[in-house]
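Let me begin by presenting the structure, written as structure tokens, before commenting on it.
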Amino acid sequence: MNKDAKIFVTGHRGMVGSALVRRLQAGGYTNILTRTRSELDLLNQAAVQQFLQEEKPDYIFIAAAKVGGINANNTYRADFIYQNLMIEANLIHGAHLAGVQRLMFLGSSCIYPRDCPQPIKEEYLLTGSLECTNEPYAVAKIAGIKLCEAYNTQYGRQYVSVMPTNLYGPNDNYDLETSHVLPALLRKAHEAKLRGDKELVVWGTGTPRREFLYVDDLADACVFLMEKGYAGSLLNVGTGQDVTIRELAETIMDVVGFEGRLVFDASKPDGTMRKVLDVSLLKQCGWCYNTSLVIGIKLTARDFLKQTT
Ligand code: GDP
């Protein structure tokens, strides 16, 4: 990528998009294109096509998506499938019409079958049934991967899909109803400490295992792959290491300094029991994560305090 290439980052106000902009700026890229939702509605096909025809970016990162934790995915099932399908179809087809050759589509590890072997290899895609709580989101993201693949095979485009594991970091969503587990527990621990509570409520049984990647590491991987000209169609991005939700909660309590005890609310769903990515392909490309879970949680806690005080 030339340093003055025109790079369109969609979703730049979100956790992933903002990390991509930070990483691109730090890498000396000077021509980064962004649009807020009020400036460009990605659900509007005509508006997206017109914008891409006018701007003709050299590269596009699709970090815009309707996202949320287990509860949001399960509750707003129609919004998750519809909005994600529209965003990716408008952007990917619009990019092709505008002659954009290089594009990166960001998905999620929940695209893989619920009961597939662990760690999860890219080749397990579409080999089994999906986890019910986030099936609409996953189906939309799988459609995005297939869109990219189809434009590559039919038209010779280089549209790459990367599947990050559970992400966390600055600009995360801390709303307890719709957030993912890490920001939710960070907030709960912080508030429990301030109130002097004796307990911290964790959803589910605490036994599911999840892998967590600091979002700046994801952004680094994405830019690394674009710079390298990676042309495969689907690539996992993660650490390859997982922890139980209980271990995660304990680490967060340590970082925050909350000394009460954990209580598990089994009326809330556990979701998939284990989700950890096989990152062999990514390692072969020459990339490895940098931020440990404890350091990442410390950095995120700092961002959370900044947002709330
Ligand atoms: P998932 O990875 O798609 O299942 O999404 P989440 O990050 O929302 O949830 C991961 C796991 O953490 C699930 O087993 C949840 O039940 C569990 N969990 C524990 N406490 C919380 C919480 O306060 N919020 C959320 N979102 N999940 C929690």
Side-chain angles (χ1 to χ4, degrees), residues 14-16 65-77 79-81 84 106-116 118-120 129-142 163-169 172-193 197 199-215 218 236-239 241-253 255-256 258 260-277 293 296-297 300-301 304:
M15 179 172 67
V16 171
K66 168 85 177 159
V67 296
I70 194 166
N71 189 49
N73 268 279
N74 204 15
T75 310
Y76 306 108
R77 297 176 74 86
D79 298 350
F80 272 78
I81 190 164
N84 284 303
L106 287 141
S108 150
S109 58
C110 70
I111 55 154
Y112 293 111
R114 178 192 161 92
D115 297 317
C116 70
Q118 304 283 332
I120 306 170
S129 304
L130 298 163
E131 154 64 28
C132 170
T133 49
N134 53 28
E135 190 186 65
Y137 175 78
V139 166
K141 286 293 179 184
I142 293 170
M163 297 302 123
T165 191
N166 293 34
L167 299 168
Y168 68 100
D172 209 339
N173 166 18
Y174 295 102
D175 177 315
L176 292 181
E177 285 307 307
T178 57
S179 63
H180 282 99
V181 60
L182 196 150
L185 293 182
L186 197 55
R187 175 170 178 178
K188 284 185 188 173
H190 175 70
E191 291 178 352
K193 181 182 158 188
D197 289 356
E199 292 179 344
L200 176 71
V201 178
V202 176
W203 293 356
T205 59
T207 55
R209 301 184 69 89
R210 293 287 185 279
E211 174 192 13
F212 297 94
L213 180 71
Y214 189 60
V215 71
L218 169 75
N236 289 340
V237 181
T239 66
Q241 290 161 13
D242 58 345
V243 293
T244 64
I245 296 300
R246 174 192 282 276
E247 286 163 348
L248 173 73
E250 288 168 351
T251 309
I252 289 174
M253 281 168 60
V255 169
V256 171
F258 171 67
R261 66 188 190 93
L262 294 176
V263 179
F264 295 92
D265 176 2
S267 72
K268 290 280 200 277
D270 270 340
T272 306
M273 284 316 285
R274 187 169 184 223
K275 211 161 43 168
V276 59
L277 294 176
L293 186 58
I297 291 174
T300 309
F304 172 69

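Atoms within a ligand are numbered from 1 in the order they appear, just like the ligands themselves. Along the sequence shown, residues are numbered consecutively beginning with 1.
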Inset, instruction - Output yes when a side-chain donor or acceptor of R210 lies under 3.5 Å from a complementary backbone atom of T272, and no otherwise. - result: yes
Inset, instruction - Determine yes or no for a side-chain-to-main-chain donor-acceptor pair under 3.5 angstrom, with K141 supplying the side chain and L106 the backbone. - result: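 Here the side-chain-to-backbone pair exists.
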Inset, instruction - Assess the side chains of N173 and T178: does a donor N or O sit below 3.5 Å from an acceptor N or O? - result: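 The answer is yes; a qualifying pair exists.
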Inset, instruction - Tell me yes or no: between the side chains of Q241 and T239, is some donor less than 3.5 Å from an acceptor? - result: no
Inset, instruction - Could you pull out every protein residue that has a heavy atom closer than 4.0 Å to ligand 1, ordered by chain and then number? - result: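 Ligand 1 pocket, heavy atoms under 4.0 Å: G69, I70, N134, N166, S179, H180, V181, A184, L185, K188, V202, W203, P208, R210, I245, P269, D270, K275.
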Inset, instruction - Flag this pair as yes if the NZ/CZ of K66 is under 6.0 angstrom from the six-membered ring centre of F80 and inside a 45 degree cone about the axis; otherwise no. - result: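 Because its charged atom sits under 6.0 Å from the ring centre and within 45° of the axis, K66 does stack over F80.
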Legend entry - Atom OH of Y174: over 12 foreign heavy atoms under 6.0 Å: yes
